[in-house]
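Have a look at the structure below before the remarks.
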Amino acid sequence: MPLLQVLGLQKAYGGLQAVAGVDLDLPGVPGGQITGLIGPNGAGKTTLLNIISGVERASAGRVLLQGHDIGALPQHRLAARGLVRTFQISRDLGQLTVLENLLLARPRQTGEKLLKLFAHGRLVRQEEEAAIETARAALLKVNLWQLADAPAATLSGGQKKLLELSRALMLKPRLVLLDEPAAGVAPAMEEILIDTIRGLAAEGVDFLIIEHDLDVVAALCEHVYVMAAGKILTQGSFAQVTGDSRVVEAYLGLKP
Ligand SMILES: Nc1ncnc2c1ncn2[C@@H]1O[C@H](COP(=O)(O)OP(=O)(O)OP(=O)(O)O)[C@@H](O)[C@H]1O
Ligand SMILES: [Mg+2]
């Protein structure tokens with residue numbers, strides 16, 4: 001059974017079909033596959049990711065996770081089923097330490113209430129050891145453990161991306177959706193990001209990654225979908241899709 005199946009998905013904003021009938025399949029076995037989603041600006045990639053991750057509702061079509069229709073589920077229910085996406089660390093969260101950011105990422109926490117506790121410096125010491133241990137493991141995986149007590153706002157762009165990834169890991173995901181993980185990340189940090197994602201995939205976590213940096217896509221993704229004008233233009237290995245003249249034309253804005 002496929003891990004994720006997107007069937008005839010559509011999303012309209014007024015008269016604009018941002019997603020115009022998309023089918024997409026992520027295989028269930030073997031685990032730990034990294035699938036790329038590329039395409040020119042405005043192709044509908046982020047909209048598609050938003051729908052799969054429960055941030056937005058589709059106008060039509062279905063999303064199945066391991067055979068179950070998840071189209072109407074809110075994000076925390078999706079997380080409980082193993083599907084998570086990363087979010088940029090917001091300004092509010094930037095005031096908190098790296099470790100506190102992870103503790104806040106846990107499921108079934110009333111974020112706001114906890115945020116207030118943290119904001120008033122009353123981080124409850126009797127927080128379960130288990131949560132801190134999970135956070136520690138997540139930070140070790142992304143190599144940020146030594147920065148656990150630093151305010152998130154002081155991290156570099158690349159370190160913030162790693163923190164976003166580690167927040168997703170707190171939910172013990174099966175499938176992680178990433179929207180441009182390498183955007184604004186310095187080359188040296190990019191290597192670390194790539195290694196980290198690879199390491200997580202080796203442990204069985206699947207990824208669907210939107211990325212404009214094609215070197216990153218080439219390094220990570222076995223299978224690549226190409227979107228243009230709301231539709232899947234083609235799919236295949238990185239070499240196959242980038243060798244396809246329709247893909248080149250879509251990027252250059254020419255008519256296929
Ligand atoms: N909330 C919204 N309201 C109206 N139009 C939207 C909204 N979100 C996206 N769009 C439009 O839908 C289209 C697809 O946008 P989307 O952000 O999904 O593209 P993308 O492939 O992620 O592009 P990029 O590579 O630049 O991030 C664009 O024309 C965009 O302007
Ligand atoms: Mg986008």
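Remember, it's 1-based here, ligands and their atoms both numbered in the order they're listed.
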Query raised in the report: For atom 16 (P) of ligand 1, which candidate among L48, I51, I38, T47 provides the closest heavy atom?
Result: T47
Query raised in the report: How far is atom 23 (O) of ligand 1 from its nearest protein heavy atom, and which residue and atom name does that atom have?
Result: G42 N, 2.8 Å
Query raised in the report: Would you say atom 31 (O) of ligand 1 has a protein heavy atom nearer than 4.0 Å?
Result: no
Query raised in the report: Would you call K141 and E203 a salt bridge, using N to O less than 4.0 angstrom?
Result: yes
Query raised in the report: side chain to side chain contact (heavy atoms under 4.5 Å, CB included) between L24 and L48: does it pass, once the steps are laid out?
Result: CA-CA 10 Å; L24 182 144; L48 178 61; 4.2 Å; yes
Query raised in the report: Are the side chain of R62 and the backbone N or O of L9 linked by a donor-acceptor pair below 3.5 Å?
Result: no
Query raised in the report: Distance-only, no hydrogens or angles: does the D206 side chain make a donor-acceptor pair with backbone N or O of G32 under 3.5 Å?
Result: yes
Query raised in the report: Is D23 reaching over with its side chain to a backbone N or O of G8, donor-acceptor style, under 3.5 angstrom?
Result: yes
Requested in this report: May I ask you to decide whether R136 forms a salt bridge with E133, counting only side-chain N to carboxylate O separations under 4.0 Å?
Outcome: yes
Query - From CA spacing to verdict: side chain to side chain contact (heavy atoms under 4.5 Å, CB included), K45, Y225 - result: CA-CA 10 Å; K45 305 178 299 294; Y225 282 85; over 6 Å; no
Query raised in the report: Are the side chain of K161 and the backbone of E180 linked by a donor-acceptor contact shorter than 3.5 Å?
Result: yes
**Report entry** Atom indices of ligand 1 within 4.0 angstrom of A18 heavy atoms, with elements
**Finding:** 12 (O), 13 (C)
Query raised in the report: With atoms numbered from 1 as shown, which atoms in ligand 1 lie under 4.0 angstrom from a non-hydrogen atom of T46?
Result: 17 (O), 18 (O), 20 (P), 22 (O), 27 (O)
Query - atom 26 (O) of ligand 1: nearest protein contact (heavy atom, Å) - result: N41 ND2, 2.8 Å
Query raised in the report: For atom 27 (O) of ligand 1, what is the nearest protein heavy atom, given as residue, atom name and distance?
Result: E180 OE2, 3.6 Å
Report summary line: atom 3 (N) of ligand 1 sits nearest the protein heavy atom Y13 CD2, 3.5 Å
Report task. Compute the shortest N/O to N/O distance between L16 and ligand 1 and return yes if it is under 3.5 Å, no if not. Result -> no
Query - Shortest protein contact, atom 19 (O) of ligand 1 (heavy atom only) - result: G44 N, 3.3 Å
Query raised in the report: Quick check: does T46 have an N/O/S atom under 2.8 Å of the Mg ion (ligand 2)?
Result: yes
Query raised in the report: N/O to N/O below 3.5 Å, does that happen between A43 and ligand 1?
Result: yes
Query raised in the report: Looking at ligand 1, does H212 have a heavy atom less than 4.0 Å from it?
Result: yes
Report task. Run through Q235, Q33, Q240 and flag the one making a side chain to side chain donor-acceptor pair (under 3.5 Å) with H223. Result -> Q235
